[in-house]
Each structure stands twice: as structure tokens, then as C-alpha cells.
Amino acid sequence: HRKTWDYRQDQLPTTHPIAADMVDLDTLYTNFDGITYAKGASSLKQLVAFVGEDEFLAGVGAYFRLHEFSNTEFADLLAALEQASGRDLSDWAQAWLQTPGVNLIRPVSEVAPDGTYTSVVLEQHPPSSPDGVAPTLRPHRLAVGLYDREGDRLVRRERIEVDLAGEVTEIDQLRGVRQPDLLLVNDDDLTYAKVRLDSRSMGAAVDGLAGLDDPLARALIWGAAWDMTRDAELPASEFVALVAASIGAESDVGLVGQVLRQVLGAVTLYGDPSQRVHYSELLAAAVTEALHAAEPGSDHQLAYLRGLISFAGSGDIAFLRGLLTGEASVPGLAVDTDVRWSLVTRLVALGAAGEDTIAAQEAQDQSAAGRRRAITARCAAPDLGAKQSAWESALHDASLPNASLQSTIAGITQPFQGDLMRPFIERYFAAVPEIAASRTNEITQLIVTGLYPSMVVDATTITRTDVFLDSHPELSAGVRRLLIEGRDAVARSVRCVARDRQG
């Protein structure tokens, strides 16, 4: 979950190195992000793999003993690790800590008529870099796993660790080895990089993901499929099909929640708009089946219900309403206050419930959280009147508490309501300069990021952002960064939609 965060952050045009100068408070605030936290942790894990775990622990021990009760620099730690491991780390910090971006690693193989490898190479592709900055190729210590089908299971036959450097690295150990059904690059997740699955491995993953016992290996495959979708290499339709076929058998509940959130993004932002209803129906059917098959009272059962609420369409309204009223039930499923609010909000967003339903739930839950959930539900109504009121409150009510503002934005930006964002694009851009000049940094970030029209996936959103940035040079670097990131997200969505339309 954390690495999907840093992979996404590190592909934005506003990415930065892990080690970055904090020139002012504005920069400091905006750098509390996936680079500083998740990529920093990922790079530390790669450093352990690069020098070896035993050597890393020995080097760290020596470092603490040598420098106890004194101050150090990072070079002191690297020197201790070099001495313990025999590895040259002179370029490691530059490559990993002082350059931005995430590398892509792609396996390319040739197979003999007898089914053995004649060649397996790993291609490393540099991240996109700003003008004038040389593309970065990093040193990686990673593992490659060979998995075979055994009945309905995928079993790891062999694991090989290799050093990857430069554009191309051949894995000599695999020459003459029988080709596996699944070749998994970065097995055990030692390094920080996007990876690709070759066509044979993707086929094995689609057919046998549920039969792969290791949840980390499954997470890597889910992650690779998601990255390929975000990069417009895999159509959203195929990611939807993978999720629909495999999510019901996913044994790790954390993966269930993460993948369902990702596929919701794929449907709403990356898929052909004319197919959104079809995709939603496929996924709703899949999670409904999984909901009824899950162990009663389990976390899986709740995760599948949340998925159903996300993708529910007109054909699911009666069931959702029945869960809310008690006329429908699933053995072991607790329809608690949180679930009830989720049901209410989705029914309102579908136009199948209104103020009476919201007020009745609010009367049952008079907590502060209940008041916030009621705000979201009211703002989720699929009509311009409700959205007009919500936008007015979000943009102009300076007395609105932070949590209430978040709830208002959540209601405005309900999935599948992108068309209801379009009438307010000009209002958004007109309000940003005043908000940036008069509100706190936190409120500004909430509004600028939360209400950016990312759900309006077309070139006009990109053009409007460019015009706005060009005409407002007075905006701070932090606000400009948020707008540039929003623009980049829409540009990515446009590419993905075009790819999905190609099929």
C-alpha cells in the first residue's frame, strides 16, 4: 500500500529526491509525501539487500559503537557499511537519495524449441527527467522468481538474486533453464522499481493468481498489473477482468481493499466512459458473489461489502436498501453505523434516497462523526442544486471546520459524478487565487487538491489549467505544484482512456 503511494508520487512532474533542501515552510509542507516516507523506507530496504542483511547489521553495529554520543553525517554510515560488506557505495547515495523518479524493469527472454531459455535479460528504463537532467539508471540488488503451475497452484521452483546495473543485465544463471509459467521480477520486493510481466507470466497470473500462496508475490503481481494500467500499457478492461476473476479468492484482506480501490480508479478515470456501467456491473457481480461466499463476520466479508457499495448500480439498489432497513441480510454481516452511512451515501449518490433517509440516519448517530457523514451524504446528491450548495460552502465559508470541509469535498467528488464537476470548473479556478492568499496552508491544500476537476477527463481540463498557471505568476510554488500534479493526473487519465478505447 505504501509503495503504490510512492510510485504514484515519484512519477509526477513535481517529484523530488529523498534528500531535498527545505528552502521554506511552503516546500516543507508539500514534501510530507510519499517520497520522504514510503520511498525513503523502500530505499533503506534496498540498501539492506544491496550490501546483505548480515553485513548491514554488522556495519550498523560498528557505526553506532564508533560514533556513540557524537554527531555524524550520512557518509559515516556508508563508510561503516562499505567496510562490513566490501561493497563500493560511493555512487549509491547519489543514485538513490539525490535523484528523483522510479525506474522500470522489464524482462525480455528468448526460448529454444525445447522450452528452455537461451537468453533472459532485464532492461532498466530511466524515469522521465526534467529538461537538462540526465536520466538515472540505478544499481539494484533484486530477486527473480520462477513459478510453475502444479494443478491449481503456482509454486516457486527457484529464486535467483542478481545485481542489475545499466540499461541491460543478462541473467546468465537462467541460460538453459526450463521456462517457468510465471517469471516474477523483484520477487520478495527487495528493490524500488516498477516491474513488468511478460505475456506468458500475465496469462499465468490471470489464470492462477488465487493459487499463489505467498501474499507478497500476489501483491507484486497486482501492483505490476496496476502500474501497467496506469501507464496505458494494459487496457482498463483487462485490469477489470483480472479483478473480477480473482478478487474473490484473494486471502489477504489488505490486498482486497487496496485492489478494489485501485479498480474503482481504473473504472472512473482510466476506462472508456461508454463502458463504465458495464465494468461496474461486472465488478458488482464479482464482489456480491464474494460477499456471500466469505466467512460470516470476517474482515473479508466487510471488504467485499464496501466494494459492492462502491460499484453498486441500479440493479443493486434494492439489496442496499434492504441492508439499510433490515429487510435484507447476509449471515454474520454486522450493519454497523459506519456501514449504514456508507449505504446511505451510495443510495443518495444513485438518486435512490434523499433527505428523509439522511435525517433518519443522522437521528440515530448524533456524534460528531455522524454530522460529518451527513454532510457528505447531502453533498453526494446527483443534482446541480445540491452541488451548488456544496461548492458555495467549500469555497466561501471560511468558518467551516477542517473536518467538515473534508466531508463536503468527499460529497462533491463522488465516483461516477464527473459530469457534475464540469459546471463548476470556472468557479474553482476563479476562487483559487483568493483561497491561496487568505486561507491556511492546510485549507488551501484541501481545496486546491480536493476540488481540482480530475474527474473531468478531457483535454479541456489540461488546457484550462495551463492558461490559469500562465496568467497567475503570483501563486506560491506549493500551490503551483498542487495544480501541476492535478494536471498530470488528468493527462494520464486521457492516455489511459484512449488505450482502453483501442481495446
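Positions are given from 1 along the sequence. A quick note: this is a predicted structure, and the numbers were derived from the prediction, not measured.
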### Task
Sequence neighbours left out, what passes ring pair (Phe, Tyr, Trp, His ring centres under 6.0 Å) with F311? Give chain and number order.
none
### Query
Salt-bridged, R106 to D198, with N to O below 4.0 Å?
no
### Pairing of E392 and K387 as salt bridge, 4.0 angstrom limit
no
### Query
In terms of side-chain geometry, is the basic nitrogen of E362 or R373 positioned less than 4.0 Å from the acidic oxygen of its partner?
no
### Distance-only donor-acceptor check, side chains N402 and Q406, under 3.5 Å
no
### Task
For I425 and V456, run side-chain contact (heavy atoms from CB on, under 4.5 Å): C-alpha distance rounded to whole Å, both residues' side-chain angles, the deciding distance at 0.1 Å, then the answer.
CA-CA 9 Å; I425 292 177; V456 182; 4.1 Å; yes
#### Entry: Pairs where residues 186-215 contributes a residue and the test ring pair (Phe, Tyr, Trp, His ring centres under 6.0 Å) is met, not counting sequence neighbours
Y7-Y192
### Query
Does R499 reach the main-chain N or O of P235 with its side chain, forming a donor-acceptor pair under 3.5 Å?
no
### Pairs involving residues 482-497, ordered by first then second residue, that meet salt bridge (charged side-chain N to carboxylate O under 4.0 Å, His left out) (sequence neighbours left out)
D231-R492, D466-R487, R481-E485
### Verdict with reasoning, K3 to D227, per salt bridge (Lys or Arg N to Asp or Glu O under 4.0 Å)
CA-CA 11 Å; K3 290 188 83 167; D227 281 332; over 6 Å; no
### Message
Do L197 and V185 make a side-chain contact, defined as non-hydrogen atoms from C-beta onward lying under 4.5 Å apart?
### Response
no
## Note on the structure
side-chain hydrogen bond (donor to acceptor under 3.5 Å, both in side chains) filter on S310, not counting sequence neighbours, yields none
### Message
Taking L242's backbone N and O only, do any of them form a donor-acceptor pair with S246's side chain (distance below 3.5 Å, no angle check)?
### Response
yes
### Query
What distance do L308 atom CG and L283 atom CG have between them, rounded to the nearest 0.5 Å?
11.0 Å
#### Entry: Carboxylate-amine/guanidinium proximity below 4.0 Å for K39 and D10
yes
### Task
Check whether any side-chain heavy atom of L302 sits under 4.5 Å from a side-chain heavy atom of V339, and report yes or no.
yes
### Task
To the nearest 0.5 angstrom, please state how far the NE2 atom of H140 sits from the OG1 atom of T191.
5.0 Å
### Query
Is there any ring pair (Phe, Tyr, Trp, His ring centres under 6.0 Å) pair reaching into residues 481-503, and which pairs are they, with sequence neighbours excluded?
none
### Message
Quick check: closest heavy atoms across V348 and A377, and the distance to 0.1 Å?
### Response
CG1-O, 3.2 Å
### Task
Show your reasoning for whether side chain to side chain donor-acceptor pair (under 3.5 Å) applies to T461 and Y452.
CA-CA 9 Å; T461 305; Y452 183 84; over 6 Å; no
### Task
With the side chain counted from C-beta on, respond yes when H16 and T36 share a heavy-atom pair under 4.5 Å apart, and no when they do not.
yes
## Note on the structure
Distance col, row L12:CG vs I484:CD1, nearest 0.5 angstrom, shows 10.5 Å
### Task
With rounding to the nearest 0.5 Å, note down the distance linking CE in M421 to CD in Q414.
11.5 Å
#### Entry: Any donor-acceptor N/O pair, T345 side chain to S342 backbone, under 3.5 Å
no
### Query
Out of curiosity, T465 OG1 to F429 CZ, how far, rounded to the nearest 0.5 Å?
3.5 Å
## Note on the structure
d(S42 OG, L190 CG) to nearest 0.5 Å is 11.5 Å
### Query
Are L146 and L174 side-chain neighbours, meaning at least one heavy-atom pair lies under 4.5 Å?
yes
### Query
Are E250 and R218 close enough for a salt bridge, meaning some N to O gap below 4.0 Å?
yes
### Query
Salt bridge check: are D365 and R340 linked by an N-O gap of less than 4.0 Å?
no
### Query
Is there a side-chain contact between Q124 and R138 (heavy atoms, below 4.5 Å)?
yes
### Query
Is there a side-chain contact between R439 and E434 (heavy atoms, below 4.5 Å)?
no
### Query
Within a strict 4.5 Å, meaning less than it, do heavy atoms of the K45 and D189 side chains meet?
yes
#### Entry: Pairs flagged by salt bridge (charged side-chain N to carboxylate O under 4.0 Å, His left out) wherever residues 403-430 is involved - sequence neighbours left out
R422-D458, E426-R464
### Query
Counting distance only, does the side-chain N/O of S407 pair as donor-acceptor with the main-chain N or O of A403 below 3.5 Å?
yes
### Task
For residues 266-278, pull every pair meeting salt bridge (charged side-chain N to carboxylate O under 4.0 Å, His left out), keeping only residues two or more places apart or in separate chains.
D272-R501
### Message
I need the full list of ring pair (Phe, Tyr, Trp, His ring centres under 6.0 Å) pairs touching residues 209-260, with sequence neighbours left out, sorted by first then second residue.
### Response
W226-F239, W226-Y270
### Query
For residues 202-215, which residue pairs qualify under side-chain hydrogen bond (donor to acceptor under 3.5 Å, both in side chains), counting only residues two or more places apart or in two chains?
R149-D207, R153-D213
### Task
For S493 and V457, work out which heavy atoms get closest and say how close.
CB-CG1, 3.5 Å
### Query
Would you say the side-chain atoms of Q445 pair up with the backbone N or O of E442, donor to acceptor, closer than 3.5 Å?
no
### Message
Quick test of your reading: applying side-chain hydrogen bond (donor to acceptor under 3.5 Å, both in side chains), list the pairs with at least one residue in residues 279-303, sequence neighbours left out, ordered by first then second residue.
### Response
Y279-D500
### Message
Once side-chain hydrogen bond (donor to acceptor under 3.5 Å, both in side chains) is applied, do any residues pair with S199, and if so which ones, sequence neighbours excluded?
### Response
none
### Query
Which salt bridge (charged side-chain N to carboxylate O under 4.0 Å, His left out) pairs, counting each pair once, include a residue from residues 300-328, with sequence neighbours left out?
R306-D338
### Message
Do R178 and D148 have side chains that approach each other closer than 4.5 Å (heavy atoms only, starting at C-beta)?
### Response
yes
### Query
Any idea how W391 and F424 line up, ring-wise: parallel (<30°), tilted (30 to 60°), or perpendicular (>60°)?
parallel
